[in-house]
Amino acid sequence: MTGIEPPGTTGIELPDEIVEFRQQALEFIRKNVHPFEQRVAESGVLDRDEYESLRRHAEEEIPLPDGYGHTGEADGPEVSMVVHVAIEEIAGHVTNGLYVVPRARGRNVFGGIASEFQRQKYVVPTLRGEMRHAWAITEPGSAGSDVKAISATAVRDGEAWRLNGEKWFVTGGDRAAYFLVLVWAAGEQALFIVDRDAPGLEIVRRPQFMHDPHPSGHVELRLQDCPVPDENRVPAGEGGTRRWISVERLMIAARCCGAAERLIDETTQFVKERTSFGRTLIEHQGVEFPLADSVTELLAARLLTYHAAEACDSHPDPKIIHGKIAIAKLYASEMANRVADRCLQLYGGRGYMNENVANRYFRELRVDRIWEGTSEIQRSIIGRGLAKRGRVPYTALLPNDV
Ligand SMILES: Cc1cc2nc3c(=O)[nH]c(=O)nc-3n(C[C@H](O)[C@H](O)[C@H](O)COP(=O)(O)OP(=O)(O)OC[C@H]3O[C@@H](n4cnc5c(N)ncnc54)[C@H](O)[C@@H]3O)c2cc1C
């Protein structure tokens, strides 16, 4: 059983109800989601009805405790980032995007920048699970890592705006009721809420990706003279996007830690049971060492991730927080990929089967080094911070650290 160390060991404390939630969620996942996940992997088909019923079952069995953003009323800053990370880590125990653990924080980010009208019309129904949304930032042109390079535009047309552009990799776009689309509007970058059925909005393609069948596709969108009312322009625009990306990065780090936990647990079980040359695999040093490295790196990644989460909750300087999140995302995503590679190897030929858990993670975790800022971009953020502010704000752990 995975668990936060008792208070005092790391200094990280969690409310009792979140400790309990994590345990219950993990039990639910092992009992209900892992078998479903295995069926999807073996058949190559995701039964949509079964998935939706699993989600409903999860909402009933493992609701987030009151006050943690589940109701749509209590979302917001009172839920610490440490708590969000602790919840998200559990979601990492699942492959194929079958995150049935309720996740309130991603929604909070949009909730935090929306106008009151947008909050009532879009955010609250989203929080209640009645609507889904998708973020449309990346484009087929130069705008991926370089968000400033977007070419999509919004031009004033009386009381409304007309949007034009193409967006790629829109995760959840095939199920979204509305899109958050980043464009240039009147000389600055701005986010617009675009309804799924808006005239001129078209899903052009649903490409296939490395992972198994997934509840959400990553679609390509086209907007052609798409009319959007002014009230759908999100007030905080670019600032909101930046904050969303930062929080998403931290959540990726958390999920990577959860993924590595499961990989190590399942692979350890396997190598304790399988034998070669008259002994169990784990008794061979060549098998024991990669697992030992994996455990060591996992602990380092967890410490970095919780450290960055604590910085979000208490550090006064957003630039330092941004740097600490980059460190956590870089390390945790690369760690999880190394762990998946080692575990696949330890499964031998079984690891090459698509249905094998290490194989699935090996394919699936690859994206964590790419999306929400590639590893190279994280290194640039860390390097630029070092050049501007020196090492100490990023590595200080002790009072008056040097
Ligand atoms: C499965 C999946 C889901 C996604 N979901 C979404 C989504 O929901 N919404 C959305 O808007 N986007 C989404 N994305 C897009 C994702 O955020 C981008 O793919 C990512 O930011 C990288 O951009 P890019 O693909 O254009 O690569 P590029 O920016 O073209 O980079 C290509 C390579 O060049 C390197 N590189 C670029 N600039 C530098 C530099 N300055 N220094 C060093 N190296 C550099 C990169 O690290 C990378 O290795 C998704 C992508 C995937 C694969």
Side-chain angles (χ1 to χ4, degrees), residues 40 44-49 51-52 55 91 94-100 103 106-107 109-110 122-123 125-126 129-147 149-154 161-184 189-228 232 234 240-241 244-245 248-249 251-252 255 360 363-374:
V40 174
V45 179
L46 184 138
D47 182 326
R48 192 83 216 173
D49 292 339
Y51 168 66
E52 293 296 349
R55 279 181 68 96
V94 171
T95 63
N96 297 359
L98 299 172
Y99 312 134
V100 293
R103 297 183 309 153
R107 301 159 184 175
V109 176
F110 171 44
Y122 295 100
V123 179
T126 306
E130 296 155 10
M131 266 186 172
R132 293 182 192 171
H133 69 285
W135 289 77
I137 315 286
T138 308
E139 296 185 359
S142 299
S145 302
D146 185 3
V147 176
I150 59 163
S151 55
T153 54
W161 297 80
R162 291 217 172 248
L163 270 60
N164 281 284
E166 252 185 84
K167 296 287 177 183
W168 275 23
F169 303 112
V170 181
T171 298
D174 44 356
R175 301 273 155 188
Y178 63 96
F179 298 90
L180 289 152
V181 183
L182 189 71
V183 294
W184 286 107
Q189 290 198 336
L191 276 175
F192 280 82
I193 302 171
V194 184
D195 291 325
R196 168 60 176 258
D197 56 4
L201 182 145
E202 188 190 356
I203 293 181
V204 184
R205 210 163 72 94
R206 294 176 172 80
Q208 297 302 306
F209 289 81
M210 278 171 79
H211 52 64
D212 282 337
H214 215 266
S216 346
H218 316 284
V219 304
E220 294 174 12
L221 278 188
R222 186 179 298 139
L223 299 127
Q224 276 180 311
D225 277 334
C226 180
V228 179
N232 278 26
V234 180
T241 321
W244 167 67
I245 288 173
E248 279 301 316
R249 282 179 186 157
M251 297 305 141
I252 288 171
R255 288 202 301 275
R360 295 208 303 277
R363 287 180 284 122
E364 193 167 306
L365 289 168
R366 192 63 184 81
V367 77
D368 292 321
R369 290 166 55 194
I370 297 172
W371 62 2
E372 316 307 349
T374 62

Taking atom [atom1] of [X] and atom [atom2] of [Y], what is their separation to the nearest 0.5 Å?
| X | Y | atom1 | atom2 | result |
| --- | --- | --- | --- | --- |
| Thr374 | Arg369 | OG1 | CZ | 10.0 Å |
| Ile252 | Ile370 | CD1 | CD1 | 11.0 Å |
| Arg360 | Thr95 | CZ | OG1 | 4.0 Å |
| Thr171 | His218 | OG1 | NE2 | 4.5 Å |
| Gln224 | Leu163 | CD | CG | 12.5 Å |
| Glu248 | Trp371 | CD | CH2 | 8.0 Å |

Which heavy-atom pair separates [X] from [Y] by the least distance, and what is that distance?
| X | Y | answer |
| --- | --- | --- |
| Pro213 | Leu46 | O-CD1, 3.6 Å |
| Ala154 | Phe192 | CB-CE1, 3.7 Å |
| Asp212 | Arg363 | OD1-NH1, 3.2 Å |
| Ala134 | Gly172 | CB-C, 4.0 Å |
| Phe179 | Arg196 | CE1-CD, 4.0 Å |

Does a side-chain heavy-atom distance below 4.5 Å link [X] with [Y]?
| X | Y | value |
| --- | --- | --- |
| Trp168 | Glu139 | no |
| Ile150 | Gln189 | yes |
| Val181 | Leu191 | no |
| Trp135 | Val170 | no |

* **Backbone of Leu223 reached by a side-chain donor or acceptor of Lys167 within 3.5 Å** =>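 No, because the side chain of Lys167 does not come within donor-acceptor range (under 3.5 Å) of the backbone of Leu223.
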Asp47 side-chain N/O to Asp49 backbone N/O, donor-acceptor pair under 3.5 Å:
yes
ring-ring contact (aromatic ring centres under 6.0 Å, His included) against Tyr178, all qualifying residues, sequence neighbours excluded: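 Partners of Tyr178 by the ring-ring contact (aromatic ring centres under 6.0 Å, His included) criterion, ordered by chain and then number, come out as Tyr122, His133.
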Practice item. Just jot down the side chain to side chain contact (heavy atoms under 4.5 Å, CB included) partners of Arg48, sequence neighbours excluded, or say none. Key: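 With neighbours one apart ignored, the set is Tyr51, Glu52, Arg132, Arg175, Pro215.
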query: Of Leu221, Asp195, Val194, which meets side-chain contact (heavy atoms from CB on, under 4.5 Å) against Cys226?
result: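 It is Val194, the one option of Leu221, Asp195, Val194 that forms the side-chain contact (heavy atoms from CB on, under 4.5 Å) with Cys226.
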Please report, to 0.1 Å, the donor-acceptor pairs under 3.5 Å made by any side chain of residues 200-209, with sequence neighbours excluded.
from   : atom 1 : to     : atom 2 : distance (Å)
Arg205 : NE     : Glu220 : OE1    : 3.2
Arg205 : NE     : Glu220 : OE2    : 3.4
Arg205 : NH2    : Glu220 : OE2    : 3.0

Where do Asn164 and Thr153 land on the side chain to side chain contact (heavy atoms under 4.5 Å, CB included) test, with the steps shown first?
CA-CA 5 Å; Asn164 281 284; Thr153 54; 4.1 Å; yes
